[in-house]
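Some notes on the structure that comes next.
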Number of protein chains: 2
Amino acid sequence: MASIRERNKRLIIKTACQVFADTGFAATKTSDIADKAGLPKANIYYYFKSKEALYRAVLESIIEPLLQAYSPFHREEDPELALRAYIKAKVRISREHADASKVFASEIMHGAPHLSADSLAQLKTEAERSIERLRQWIADGRMAAVDPHHLMFTIWASTQTYADFDWQILEVTGRKKLQAKDYDAATDLITRLVLKGCDVQPGSTQDSHTAPA
Amino acid sequence: MASIRERNKRLIIKTACQVFADTGFAATKTSDIADKAGLPKANIYYYFKSKEALYRAVLESIIEPLLQAYSPFHREEDPELALRAYIKAKVRISREHADASKVFASEIMHGAPHLSADSLAQLKTEAERSIERLRQWIADGRMAAVDPHHLMFTIWASTQTYADFDWQILEVTGRKKLQAKDYDAATDLITRLVLKGCDVQPGSTQDSHTAPA
DNA sequence: GTCTATATGCTGATAGAC
DNA sequence: GTCTATCAGCATATAGAC
């Protein structure tokens, strides 16, 4: 069973994640987090050394999913499968880790002043390996000679946007909350633009949301 | 000639734009802005009622360019020309109004708590009109039946990213500062993905950066 | 491990001399 | 129109009882 310590830390991180995503690091008061978690403020400080330490815990929680998302680039031999799976994984992160994604985005926007050097290095390594893989596929004539850096930036941006700018997307679509079919439609559109845009020959695989896991 | 009042207000807004983009609204101290502008802090308050009023002035400065960018959707009859021009205009905004773009993005990320209802309504109207235009082109068989909302989200995200996540882009590309050719390459890639992805027949027009204005 | 009360420092904003 | 000195309020963080 989870110790009381673990249970409380988890509750605090989860709540902090929501509040930091909503209002950003600087504008967030530790009392906001405490109130929302149903705890007195001092309790936060019993489990976390400082507001910044809590923020870093939230921030680091998204690193592992982001690193994992790159695995199709190592696993797949085929650019179509790799790109499909990567886009799908990235949209899934925007859906399943929406708040942490937003905290991460805000951090990156301001030059990542709180992100650990280790996390940064890992993310950079994975990005570079994946871009190298794209370069190889291009050299092998398996996709068009697009700029692999810019291709990555477009994939990052278009998938992240469903977490980062969720408010805007809800406004424009008139939805109250994004549904599974919305994320599927997003995945399909982004996948379509990328595959057709890079002249990747469509194989026998299905649309992302109908494909087997 | 510009009055001393106008000149100072402009200097303060320009400086504030940089600082707000760097550190965000809440984390920015008015003294940071004053120091960077070479003025005593009280001078800021002589020209602007409050930190928030100054922030709103910065925020509103990007609205007009953003609204203007939609004009190709009204001007052009041809989806190819409209999409090319819109993407080009959006990348140009990310380049020429990088700081204000970033401030705007941060504001949208947190649900636009400071944006005026008027600006919001105008932006929404333009977005909806443009999406309606896409829908018409699709109905007329001039482009593939993609989801026009998601297409817009991808265009917004992929063009904005060059302002919002400039730090990340510099890290990954190893550049010190983005050059004209980088923005051109970005425009070309995004345009390619969108046009090929939507089965828009490429006409006689050139790549964005070689096309006549 | 929990929580109340409080100290400490910082920042937005202003008063008032020049 | 400019600037120094200062205030008032608020948020982080802790002391210490339970």
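A note on names: the letters A, B, ... follow the listed sequences, proteins ahead of strands, and every chain is numbered from 1.
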For the pair Lys9(A) and Glu6(A), find out whether any cationic side-chain nitrogen is under 4.0 Å from an anionic carboxylate oxygen. no
How many whole angstroms separate atom CG of Leu39(B) from atom P of dG1(D)? 13 Å
Output the residues of residues 45-57 of chain A in contact with DNA chain C, where contact means a heavy atom of the residue under 4.0 Å from an atom of the strand; sort by number or write none. Tyr46(A), Tyr47(A)
Of the candidate nucleotides dC3(C), dA13(C), dC3(D), which contains the atom at the shortest distance from the side chain of Asn43(B)? dC3(D)
Taking the side chain as every heavy atom from C-beta outward, state whether Asp166(B) and Thr161(B) have any atom pair closer than 4.5 Å. no
Residues passing the salt bridge (charged side-chain N to carboxylate O under 4.0 Å, His left out) test with Arg5(B), sequence neighbours excluded, are none
Between dG1(D), dA15(C), dA13(D), which one does the side chain of Ile4(B) approach most closely? dG1(D)
Contact list for DNA chain C against residues 5-34 of chain B - heavy-atom distance below 4.0 Å: Thr28(B), Lys29(B), Thr30(B)
So Phe73(A) and Tyr70(A), would you call those rings parallel, tilted or perpendicular, with 30° and 60° as cut-offs? tilted
Picking from dC3(C), dC3(D), dG1(C), the nucleotide nearest the side-chain atoms of Pro40(B) would be dC3(D)
Whole-Å distance separating the NZ atom of Lys41(B) from the P atom of dT4(D): 12 Å
Check for a donor-acceptor pair, side chain of Ser106(B) on one end and backbone N or O of Lys102(B) on the other, with a separation under 3.5 Å. no
Spacing of Ile44(B) atom CD1 relative to dA13(C) atom C1', expressed in whole Å: 12 Å
Once the angle between the rings of Tyr55(B) and His114(B) is folded into 0 to 90°, is it parallel (under 30°), tilted (30 to 60°) or perpendicular (over 60°)? perpendicular
Please check this pair: side chain of Ser71(A) against backbone of Gln68(A), looking for a donor-acceptor N/O pair closer than 3.5 Å. yes
Got a donor-acceptor contact below 3.5 angstrom from the Thr23(A) side chain to the Phe20(A) backbone? no
